[in-house]
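The next block holds one structure in the form of structure tokens; read it before the comments.
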Amino acid sequence: MSAIKLSKPQWSSQRIFILAAVGSAVGLGNIWKFPYIAGENGGGAFVLVYLLCVALIGLPVLMAEIGLGRMGKANPPQAMANLAADFRASPLWALVGLAGVLAGLLILSFYTVIAGWAMDYFVQSAMGHFRGINSEQVGDYFDGLLANPWALLFWHTVMVALTLAIVAKGVKGGLEKALNLMMPLLFLILLILLGWSVAQASFQDSLRFLFAPDFSKLTWEAVLVAMGHAFFTLSIGMGAMMVYGSYLPKRYSIGKAAVWIVLADTLVALLAGVIIFTVVFGNGLAAGAGPGLLFQTLPVAFGQMSGGWFWGTLFFFLVVLAALSSAISLIEPAVSWVEQNWRISRVKATGLLGALVWLLGIGTVLSFNVWANVHFLPGKTFFDSLDFITANIMLPLGGMLIAVFMAWVVSDRQRQAEFRLMPGLDAAFKWDLRLIAPVGVLIVFASNLASDVWQQVVAVGVALVLYALYVYNRSRFNLYRVADKS
Ligand code: TRP
């Protein structure tokens, strides 16, 4: 067998694996991105679509991705190449892993810039600068920070350096212990903030905004953003979970782990949303304020709470840690690929890729000041363009191909051996990956390409016919397939 199985089981328990995967999933996506895109896209209906995408596409694709990593036993491009060889499929499948490596680096380049904002807020809060602050003052402070490219560059540099320091040592080590403490603490602090929110008059407005759907506000672009975010928030579609899966011993249950990851991730996002919109409506702020939403709202809440200095400082510290545990999973696919396939030491690989990410991040730093009016995609700054291309296109595309590979290329026997699901669940898993996940992604993609209903019908039709053709050819090809390996 030509397969090169390079990764060895590393996670010392099922619990540690879940913790690391939750650490990857829970991050800026939940606390910073979810609330601001929910605000920009009108709330309730958007949230409902997001939740549907998480349940119907996110969970099964998450399982599939972890499973492919464990079966392929290597970094994403190599794992896909191994599996394609095992199942006599096209070697082009390795491109899914390669695109994932690229997507991770692109995402990380803006992720560290935003995490830098949280770092700055941690310092400000610790120094007591947010005491008794009102929403206008927070807004001014935030605008001032974004207007200063040197400050943003400084924090971006700090975050890249911290990420590299952890990754250079390997995913295990100190990270396990840090995660153990940090995840429960983050959760605790969100509950304390929830307690504060419940006592506010605007709490009702927040709930209504997030959970009472108004479908007249829903556009196909909003559906694309909601779907893209389901991939982003669960860290799927680019191989991060594949790498983590490649370190997972055979005896642990993937389904159980995936359910915990999804529950924890969704809960944190909804909590953050409810808290932030309580501040928004209590202070007459704009729900659609954009990427600054978290940073323009929470200091106000902490400013009014008793013990707010302590909780605020701890909160921003935990956001930085949550961002770090996600950041390492964004670069780990690339690092393990360079390390394993180019035979470069882990430290060198990390340094090389880190330099690339740091450089690219400068584009995001400038998006908020010097390049604020420079557009890369129509109407979108460098940062907006990167975010759109990665979260809304690359991740869903990667996730869809992962679903197709698991459901049409991997044999029934191999899938059942890997997941050990009850027969009914196994069938639901397989048909979800065959139909719901890929067709869902195709429909949302096609609808976004079209500008009126008829174009939309045609685009969706063409996408479905192409998919049917693929499936038809695939099953003919399967007749020639030699029996499963193992
Ligand atoms: N899920 C993380 C968040 O919500 C971000 C993240 C980490 C990610 N690893 C990823 C997103 C891999 C996509 C793919 O903040």
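All values below come from the heavy atoms of this structure, side chains included, with hydrogens, waters and symmetry mates left out.
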ring-ring contact (aromatic ring centres under 6.0 Å, His included) with Phe302: which residues, sequence neighbours excluded?
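Scan of Phe302 (ring-ring contact (aromatic ring centres under 6.0 Å, His included), adjacent residues dropped) gives Phe315.
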Least distance between heavy atoms, Ala349 atom then Ile344 atom
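Minimum heavy-atom separation between Ala349 and Ile344: N-CG2, 3.8 Å.
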In terms of the angle between their ring planes, are Trp342 and Trp337 parallel, tilted or perpendicular, with boundaries placed at 30° and 60°?
perpendicular
Check the angle between the aromatic planes of Tyr244 and Tyr247 and answer parallel, tilted or perpendicular using the 30° and 60° thresholds.
tilted
So, for [X] and [Y], is the gap between ring centers shorter than 6.0 Å?
{"X": "Tyr252", "Y": "Phe17", "value": "no"}
{"X": "Tyr50", "Y": "Phe34", "value": "yes"}
{"X": "Trp408", "Y": "Phe87", "value": "no"}
{"X": "Phe383", "Y": "Trp371", "value": "no"}
{"X": "Trp196", "Y": "Trp311", "value": "no"}

Is any NZ, NE, NH1 or NH2 atom of the basic residue among Glu418 and Lys430 found under 4.0 Å from an Asp or Glu carboxylate oxygen of the other?
no
What I want to find out is whether Asp387 reaches Lys380 closely enough, with some N-O distance under 4.0 Å, to be called a salt bridge.
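No, Asp387 and Lys380 are not salt-bridged.
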Does the side chain of Val101 reach to within under 4.5 Å of the side chain of Pro77, using non-hydrogen atoms?
yes
Other residues, nucleotides, ligands: >12 heavy atoms within 6.0 Å of Phe142 CZ:
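Yes, the 6.0 Å shell around CZ holds more than 12 heavy atoms from other groups.
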Taking atom types as modelled, is there a side-chain donor on Asn41 or Tyr36 under 3.5 Å from an acceptor on the other?
no
